[in-house]
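Heads up, the thing below is written out as structure tokens.
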Amino acid sequence: MKKLINDPADVVSEALLGIAAAHPDLGVDHQNKVVYRADAPVRGKVGLISGGGSGHEPLHGGFVGPGMLDAACAGEVFTSPVPDQVVAATRLADGGAGVLHIVKNYTGDVMNFEMAAELVTAETGVEVVSVVVDDDVAVQDSLYTAGRRGVGTTVLLEKITGAAADEGRDLAAVADVARRVDAAGRSMGMALTSCTVPAAGQPTFDLPEGEMEIGIGIHGEPGRKRVPVAPAKDIAEMLVEPILSDLDFTGGEGVLAFVNGMGGTPLLELYLMYNEVAKLLAKAGVTVVRSLVGPYITSLEMAGCSVTLLKLDDELVRLWDAPVSTPGLRWGR
Amino acid sequence: MKKLINDPADVVSEALLGIAAAHPDLGVDHQNKVVYRADAPVRGKVGLISGGGSGHEPLHGGFVGPGMLDAACAGEVFTSPVPDQVVAATRLADGGAGVLHIVKNYTGDVMNFEMAAELVTAETGVEVVSVVVDDDVAVQDSLYTAGRRGVGTTVLLEKITGAAADEGRDLAAVADVARRVDAAGRSMGMALTSCTVPAAGQPTFDLPEGEMEIGIGIHGEPGRKRVPVAPAKDIAEMLVEPILSDLDFTGGEGVLAFVNGMGGTPLLELYLMYNEVAKLLAKAGVTVVRSLVGPYITSLEMAGCSVTLLKLDDELVRLWDAPVSTPGLRWGR
Amino acid sequence: MSAVPVDVAALRAWIGAFAADVAEHQEELTRLDSAIGDADHGANLARGMRAVVAALDSEKPSTAGALLKRTGMTLVSTVGGASGPLYGTFFLRMGTAAGEVETLDAAAFGAALRAGVGGIVARGKAELGDKTMYDALAPAADAYDAAGDDLGAALRAASEAADRGRDATVPLQARKGRASYLGERSVGHQDPGATSSALLLAAAARTLG
Amino acid sequence: MSAVPVDVAALRAWIGAFAADVAEHQEELTRLDSAIGDADHGANLARGMRAVVAALDSEKPSTAGALLKRTGMTLVSTVGGASGPLYGTFFLRMGTAAGEVETLDAAAFGAALRAGVGGIVARGKAELGDKTMYDALAPAADAYDAAGDDLGAALRAASEAADRGRDATVPLQARKGRASYLGERSVGHQDPGATSSALLLAAAARTLG
Ligand SMILES: Nc1ncnc2c1ncn2[C@@H]1O[C@H](COP(=O)(O)OP(=O)(O)O)[C@@H](O)[C@H]1O
Ligand SMILES: Nc1ncnc2c1ncn2[C@@H]1O[C@H](COP(=O)(O)OP(=O)(O)O)[C@@H](O)[C@H]1O
Ligand SMILES: [Mg+2]
Ligand SMILES: [Mg+2]
Ligand SMILES: [Mg+2]
Ligand SMILES: [Mg+2]
């Protein structure tokens, strides 16, 4: 294992020290591993929090700031946070208008956020609504799985829902926007390499030269199938096709196309992939009106990418374009 | 070689297609591989261009936009652009007030930009001034080398000089700011892994488990020495110490501390490194007033990082804080 | 029935033995979780059980209920992931069922065990054959009840049933948790949670019987 | 002196042979550049020489000067890096020295070669022993001049001197170009540019002599 770390047990807490030092606009509760807007809670605004295992940076801590999250809690690497952390983040984000929990659909995340919501509501009376993100078309959404994973759409949902909260909407309305985004987003990912959880010390799986995994999530786990390495244009097809056959992306205001890097793939290749994706969408009659290219929801140093499509309407376009000011996404101010 | 590419010969041109598709604010001259502000040239403003080999993204194309570069030319991977490209970029950027060439100090870059400057001035009469960035303390600046390499300071210089041009200063004044930034910046880098040039098809060098390279540049080349892998805090010392002993960073308005990812290192680790760097600077009596953490000048998928310190005065702080709107750096608008 | 019922010291020994076994098997648990999960089950549980041991050492709970509940609360607060709430709820429910008493007889321990397993179902909605820790724990509780009122024999039967349940997860296709994402590729791998649950029952047979 | 002076067809053959040799040795050049550079010399020069062949095929220059200048301009426009301007300048200066003539005798070719090498120094400021292409080209030009007026013998002498100059770069510590960043670690490796320059002279000996 080759990493820029000290003791593997201290990776998350030491990275949080770095985040605190690098971003004066953010506060960090080091005890509970919560990153929050230094000016939180914002009175009268619905608070937005999220969280999950670490190793997906900039998600979630890098999306804390005006126009996006109020707080984010960082679990151990690939391990959902514990309820105490979620409770602490909820308290920090509560400006009197209730708090939205944005939860990626993994058994651990759902259970820990659930326990936290029960606890914090019992203790403080703050109103909590949870929205679960489940956009990964690699997973059959059926009785035979834990349901679809929450992946790329999470980034877009945090941005758009953050803008809705910024407009002063109430908790129900903000949660409604979040659910609409989740319903309109679909993702599919692939890996050229695995990644190494610091505490595990070796790659989660072996992926020999010449092979790749299709249908991976964001936890260094194997995917749905292993196939020979292929040219970018074929990979783009393997990712875009299942998305398009899951949801009709024609019509409306068009889509937001998001090519995400898994952490170890250079931007040069992500732009090349974006070109392939854009060509496929054009051929399928899907109009791209917004785009995002870069490593935004990662899996440590895994090489690979995911494609997310989000179907937009006028309102979602407006909320996407609204100002945001976080370490990971920033525009308009 | 595992990469999200089609034919290795087409990597740069296909990535440029992706950049054009993803960024409506940018124009791309695909013939000459030049990325430019869609609204270039800006009348009366000094034009800023840079360029170099590809594989360092977001540098340079990702730094084209208001407040930073007017155009950037992309060479083949790790190969400086040819004069024709620089000429095309210069023409695109020329708004009548002359054009500044920002050149990283490599033999190839310097020669190609030099030939281009001669050509374009002869052909069009546009006034060109070149500033060479040479900030890498890993290289002895002596008669026995090609001089120090241009690395991390390049990013900061393009931002700050872009702000100076935005203020309407003339070419000599803008070049003067660039030279001041170069004189005030120092960098040092390290690698945990090599990287693979697509056309070469295999890693530029072997770096076994347990070893790392100290004093690398940004072209996947071996560094000054190979040493056993060490904890982050020791690595931070190996990078910070040579910088501090090269230039006095105490006093003034403090420094901008920049921890840069080489491409394959996750943000989690970069923040952890930033924490180590910040601790060392505090101990050395160096005051950090601005910071930047992330992969901004990369070496394909190389794992590793570099540290850049830039000594600031009031004016440089103000120019750094000024609005910028590029794919790679964006704030204030 | 064994001469000595389960007292607080015995429960403390059980927890201590489980913590030691988890530490010893941490790499194996992580390796199993690498194959069909995200390579953190060993580190998660080891971190949690270290915290539990520290909490029990500093608090020294004086009743079975207090000890089991402290164990559960500590796990909830330190493990995270799926196994944190699940094992946490297991011990919390066990503690509630045990009550503020200093000893548990075989029947009371059995009832507490059953309550704990019920907590796991309540939280995780697993069914038999889903390829989870429940596949080790449910047969263990059944075997315990079927073994009659000799505590030692019942615990041994439970541990053996847990081992069989753990082994039986190998050919299954996962329908819960992270492994379910793999579909058919989850077949042929032993479930990490069922493996740690078998360690838990083995530690009980060693220390409480 | 050989019976046949160097005419445009011979020059075209030389360039074609060099292009073929570069293509054949592309991997070797890149491997050498991997050890002490950035792993692109093979690809750079192969791309450039492909473009040169295409340009000469479509333009069919009719004088030595035009052919050599077209070669140089094409290299400048397609190679990039350090070797693009250097080889480009080499051929541009050769072409200027050769002039708009249809044949070059041994002396004229030698003068053109000398001018080309001078161009490399003018651009790159290399000195002997800096571990660059100049270490192959300078001895080649000297050997050519020293060999007298038999073109074939002169070219063979030049090629042999270039090979020796290339080999002599191995023990040197680089003082120019990217390899200089390595300091002492550049010692023990053959310079990629000197290697391609030796190919250039070998092709000349084969096609022009
Ligand atoms: N719904 C569930 N019910 C019961 N056990 C479950 C459930 N989901 C997962 N598990 C158990 O949790 C184990 C994984 O735990 P762990 O790796 O610590 O958490 P995570 O899956 O969040 O990384 C699985 O091996 C399985 O036994
Ligand atoms: N200043 C110089 N003068 C002469 N030759 C040089 C000089 N600098 C570099 N070279 C030659 O260029 C070769 C490298 O070419 P290439 O790899 O194509 O360019 P780059 O170094 O820009 O990647 C070196 O092996 C060396 O022979
Ligand atoms: Mg986990
Ligand atoms: Mg190069
Ligand atoms: Mg796990
Ligand atoms: Mg090179």
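Values reported hereafter were calculated over all heavy atoms of this structure, with side chains retained and with hydrogens, waters and symmetry mates removed.
Ranked by heavy-atom pairs under 4.5 Å with chain C, the list Met111(A), Gln140(A), Gln85(A), Glu221(A) is led by Met111(A). Considering only heavy-atom pairs separated by less than 4.5 Å from chain C, the leading option among Pro222(A), Ala138(A), Ala199(A) is Pro222(A). Listed options Val110(A), Thr79(A), Val77(A), Thr107(A) were ranked by heavy-atom pairs under 4.5 angstrom with chain C; first place goes to Thr79(A). Counting heavy-atom pairs closer than 4.5 Å to chain A, the top residue among Thr89(C), Asn44(C), Asp130(C) is Asn44(C).
In plain terms, the two heavy atoms of Val126(A) and Thr121(A) that are nearest each other are O-OG1, 3.3 Å.
Using a cutoff of 4.0 Å between basic side-chain nitrogens and carboxylate oxygens, Asp21(C) and Arg206(C) are scored as salt-bridged. Between Lys225(A) and Glu213(A) no salt bridge is recorded (no basic side-chain N to carboxylate O distance below 4.0 Å).
When each of Ile120(C), Val117(C), Leu200(C) is tested with Met133(C) by the rule side chain to side chain contact (heavy atoms under 4.5 Å, CB included), just one qualifies, namely Ile120(C). Residue Thr132(C) forms a side chain to side chain contact (heavy atoms under 4.5 Å, CB included) with just one option from Arg175(C), Glu127(C), Lys176(C), and that option is Lys176(C).
By a heavy-atom distance cut of under 4.5 Å, not one residue of residues 134-143 of chain C is near chain A.
Residue Asn112(A) touches chain C through both its backbone and its side chain, counting heavy-atom pairs closer than 4.5 Å. Of the atoms belonging to Arg185(C), it is side-chain heavy atoms, and not backbone ones, that fall under 4.5 Å from chain A.
Arg149(A) forms a cation-pi arrangement with Tyr181(C), by the criterion of a distance under 6.0 Å to the ring centre and an angle within 45° of the ring axis.
A perpendicular orientation is assigned to the rings of Trp14(C) and Phe109(C), their planes being inclined by more than 60° (bins at 30° and 60°).
Judged by distance alone, the side chains of Thr195(C) and Gln190(C) do bring a donor and an acceptor atom under 3.5 Å apart.
In this structure the side chain of Thr193(A) never reaches within 4.5 angstrom of the side chain of Glu209(A), judged on heavy atoms.
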